Amino acid sequence: MITRFAPSPTGHLHIGGARTALFNWLLARGQGGQFVLRVEDTDSLRSKEEHTQAILEALTWLGLDWDGEPVIQSQRVDLHRQYIDQLLKNGQAYWCHCRPEDIEEKRQQALQTGGKPRYDGHCRELGLGPAPGAVIRFKSPPPRSVGWKDLIKGSIVVDSDELDDLVLLKSDGFPTYNLAVVVDDLTMGVTHIIRGDDHVNNTPRQILLYQAFGATPPQFAHAPMILGSDKTRLSKRHGATSVMAYRELGYLPRALNNYLARLGWSHGDQEIFSLEEMAKLFSLKHVGRAASVFNPEKLNWLNAHYLKQTPLEELGALTLPYLTAKNITPPSSEVLAKIMATVRERGKTLVELAEKAEFYFLDPPPLDPIAAQKLLTPEGKATLTELAEELTKAFPGDHQAFDQIIQALATRKMVKMGVVAQPLRLALTGKTASPGLYDIVEILGPEKTIQRIKAALAYDGQPQD
RNA sequence: GUCCCCAUCGUCUAGCCUGGUCCAGGACACCGGACUUUCACUUCGGCAACAGGGGUUCAAAUCCCCUUGGGGACGCCA
């Protein structure tokens, strides 16, 4: 078995492409087959080397490794030409001198009169030869029905007279998509093609080409599209669509892979899969036929799940770049790991983790003005003063000791614990919501803890800094 | 317009092929309760769907047909 992913380097790797790659990868890896890459860069205008690099980088980040070197389609035009020449020789293709503008005009006319907009075969029997601006077209065989057994959608049949004489060689000397895919898949020995739904209409044309070459077509599997929340094709206006954007937003490749796989594929009620497990379990039989809506909330849930599963040291390393972006340098990976333990259940992405961890590094942290107004009253400050004294006297060595200090103070003042805890939380973090107080105190240590309390006591209601 | 594809909770889906075990199961989200010095986590519970209409059958979410709705394609883009 050989599967392939064949992106065109005209942009970044997007979510839909990533899932197509993932499905091909899963099928090959699960069956002990090969997964190869082919860069379809025959659009000389739009293809860019930088896009190729970005796509490879995205695939690597996702952990979808490929076999051998990527095949560059533009380097195989000689091969494509050979196959086209063969058709030309057999009378299965012909030169066409029609001007693009004329064809476009006919197309518009057909569309307006309610017909199918397609090439009228003007040059078909003219026996023309090469000329500047000329193209080579496929001479579609006599009407017949073309069908295949799609591994996802079941059997699909199309009447071949729905298909017109498609261009095989463009006037710039490059082969067209349909010709190049067929020649390449054929010569690369691809056995299974998983691609997006939007290629269903190309499949009968390609089957006709396989037949013209006297070859057996590979197996086709068309995966349904991924839609945005409004059920239209996923695009930028629905939010992030590029794989690399998700990396920047702090998503883990594991989470994205897991989410993308479950979008369309299922294995009973199971939701959580490692890449290895998915490969073992993956089957096209359990890929759905209907389009699915991309749901960021569920991705968040999966990402949060994997965040919680990640060892603290590793989580710290993963979060570090996001802290660096905030000009924060943690003293050590040990300290960072301790911090991670306190914030990892409070964020859904690495970006959020970095945000939640930020206060540890700000001395003192800026106080939320609304909370300060409410909590740093004379009574609040009195409480903080007493707390500072207690903590200076005997800095708690464990959670229990710390709790006793808070509890004792609350009892003495005859207030709820929150009345004591909240001003302290504000002083230490600048906010009213934070990790557990003892965890913070422990990480901050006596000096910074006292310092921050004193800074809060100095609060006078004026904007800080 | 023409052709192709699709249709179970708001969303992802199980079940459909091989009708009965489904007054339809799981997950996300949402809403309540518990836990709690905050926020979260966790946990318990709840809300919520077989698009509509015809058949076939003792029996249909499951098979067939139609309607409606949605998506895709119709390039010298891929």
Side-chain angles (χ1 to χ4, degrees), chain A residues 6-10 40-43 45-47 73 96 98 100 103-104 107 110-119 133-137 150 153-154 156-159 161-164 166-178 180-181 195-204 222 224-225 227 229 231-233 259 262-272 285-286 288-302 304 308 342-347 356 371 403 406-407 410 416-422 424-426 429 431-438:
Chain A
S8 69
T10 52
E40 309 220 316
D41 58 345
T42 53
D43 184 339
L45 255 53
R46 294 195 297 152
S47 295
Q73 197 163 56
C96 170
C98 292
I103 294 174
E104 183 54 30
R107 203 172 271 136
L111 216 45
Q112 266 161 29
T113 54
K116 188 153 176 89
R118 54 184 182 182
Y119 181 60
V135 300
I136 297 177
R137 286 184 184 273
D150 196 279
K153 292 187 175 286
I156 299 177
V157 183
V158 180
D159 236 336
D161 59 6
E162 289 298 326
L163 285 14
D164 60 359
L166 73 164
V167 171
L168 302 177
L169 188 74
K170 301 184 264 186
S171 58
D172 66 0
F174 280 100
T176 58
Y177 163 74
N178 277 304
V181 217
R195 68 205 339 183
D197 229 350
D198 47 344
H199 284 292
V200 167
N201 296 274
N202 285 321
T203 307
H222 290 93
M225 306 266 82
L227 276 25
S229 51
K231 301 220 177 197
T232 64
R233 200 191 184 120
Y259 178 71
R262 271 302 273 105
L263 204 56
W265 172 74
S266 63
H267 181 73
D269 287 340
Q270 190 171 340
E271 297 286 350
I272 307 289
K285 254 197 256 172
H286 290 99
R289 290 163 301 270
S292 33
V293 173
F294 186 86
N295 181 217
E297 295 291 341
K298 191 153 183 179
L299 209 209
N300 283 341
W301 173 72
L302 276 166
K308 282 177 240 160
T342 71
V343 296
R344 74 157 151 192
E345 285 174 352
R346 281 166 241 266
K356 308 265 182 199
D403 279 355
I406 302 285
Q407 263 172 31
K416 284 199 230 167
M417 280 209 276
V419 177
V420 176
Q422 283 307 82
L424 178 59
R425 187 182 311 283
L426 180 68
T429 71
K431 300 181 172 73
T432 53
S434 79
L437 276 178
Y438 176 67

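Note that this is a predicted model, so its numbers are computed, not measured.
- Distance alone, capped at 3.5 Å, places no donor-acceptor pair between the Asp41(A) side chain and the Pro9(A) backbone.
- Base engagement by Ser171(A) is indicated by at least one non-hydrogen atom pair under 4.0 Å involving a base atom.
- Across all strands shown, C58(B) forms a Watson-Crick or G-U wobble pair with G20(B), both key distances being under 3.5 Å.
- Taking only side-chain nitrogens and oxygens, Ser292(A) comes nearer than 4.0 Å to OP1 or OP2 of U13(B).
- Checking G25(B), A29(B), U11(B) against every side-chain atom of Asp269(A), the shortest atom distance belongs to G25(B).
- Residue-level contact check: Glu271(A) touches the bases, meaning some heavy atom is under 4.0 Å from a base atom.
- The OH atom of Tyr177(A) sits 13.5 Å away from the CG atom of Asp43(A) when rounded to the nearest 0.5 Å.
- In this structure, the salt bridge (Lys or Arg N to Asp or Glu O under 4.0 Å) partners of Arg233(A), at least two apart in sequence or on a different chain, are Asp198(A).
- Side-chain proximity of Ala290(A) to A7(B), A40(B), U13(B): nearest is A7(B).
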Quick test: give all pairs of protein nitrogen or oxygen and nucleotides 71-75 of chain B nitrogen or oxygen below 3.5 Å, distance rounded to 0.1 Å.
| unit_1 | atom_1 | unit_2 | atom_2 | d |
| --- | --- | --- | --- | --- |
| G72(B) | O3' | Arg233(A) | NH1 | 3.4 |
| G72(B) | N2 | Asn201(A) | OD1 | 3.3 |
| A73(B) | OP1 | Arg233(A) | NH1 | 3.1 |
| A73(B) | O4' | Asn201(A) | ND2 | 3.0 |
| C74(B) | O2' | Pro117(A) | O | 3.1 |
| G75(B) | OP2 | Arg107(A) | NE | 2.4 |
| G75(B) | OP2 | Pro117(A) | O | 3.3 |

Protein-nucleic acid N or O pairs under 3.5 Å, nucleotides 44-48 of chain B:
none

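- Atoms CD1 (Ile136(A)) and P (C76(B)) sit 14 Å apart, rounded to a whole Å.
- Base pairing analysis places A7(B) opposite U68(B); the two distances defining the Watson-Crick or G-U wobble pair are each below 3.5 Å.
- Heavy atoms of Lys308(A) sit under 4.0 angstrom from primed sugar atoms or phosphate atoms, though from no base atom.
- Residues passing the salt bridge (Lys or Arg N to Asp or Glu O under 4.0 Å) test with Asp197(A) are Lys153(A), sequence neighbours excluded.
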Any protein N or O atoms within reach of nucleotides 18-22 of chain B? Criterion: under 3.5 Å, listing atom names and distances.
none

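- The same atom, C1', is picked in A60(B) and in C16(B); the two are 10 Å apart, to the nearest Å.
- G32(B) is paired with C44(B) under the Watson-Crick or G-U wobble criterion, all donor-acceptor distances under 3.5 Å.
- Within the 4.5 Å cutoff, the side chain of Gln407(A) has heavy atoms near those of the Met417(A) side chain.
- Thr203(A) has its side chain within reach of Arg195(A): a pair of non-hydrogen atoms, C-beta onward, lies under 4.5 Å apart.
- Using a 4.0 Å heavy-atom distance criterion, Gly133(A) is classed as a base contact.
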Evaluation steps, side chain to side chain contact (heavy atoms under 4.5 Å, CB included), between Tyr259(A) and Phe294(A)
CA-CA 9 Å; Tyr259(A) 178 71; Phe294(A) 186 86; 3.4 Å; yes

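- Nucleotides C9(B) and G55(B) place their C1' atoms 28 Å apart, quoted to the nearest Å.
- When the P atom is used for both C47(B) and G10(B), the distance is 14 Å, rounded to whole Å.
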N/O contacts under 3.5 Å, protein versus nucleotides 36-38 of chain B?
| unit_1 | atom_1 | unit_2 | atom_2 | d |
| --- | --- | --- | --- | --- |
| U37(B) | O2 | Arg425(A) | NH2 | 2.8 |
| U37(B) | O4 | Asp403(A) | OD1 | 3.4 |
| U38(B) | O4' | Gln422(A) | OE1 | 3.2 |
| U38(B) | O2' | Thr432(A) | O | 2.8 |
| U38(B) | N1 | Arg425(A) | NH2 | 3.2 |
| U38(B) | O2 | Arg425(A) | NH1 | 3.4 |
| U38(B) | O2 | Ser434(A) | N | 2.7 |
| U38(B) | O2 | Ser434(A) | O | 3.1 |
| U38(B) | N3 | Arg425(A) | NH1 | 3.0 |
| U38(B) | N3 | Ser434(A) | O | 2.7 |

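- Side-chain proximity of His286(A) to the nucleotides C76(B), C28(B), G15(B) is greatest for G15(B).
- Of the C1' atoms belonging to C30(B) and C23(B), the separation is 24 Å, rounded to the nearest Å.
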Test side chain to side chain contact (heavy atoms under 4.5 Å, CB included) on Leu302(A) and Ile272(A); report intermediate values, then the result.
CA-CA 8 Å; Leu302(A) 276 166; Ile272(A) 307 289; 3.6 Å; yes

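- Checked against C4(B), C12(B), A78(B), the side chain of Thr42(A) finds its nearest nucleotide in A78(B).
- Side-chain atoms of Arg262(A) and Ser292(A) form no donor-acceptor pair, as typed in the model, at a separation below 3.5 Å.
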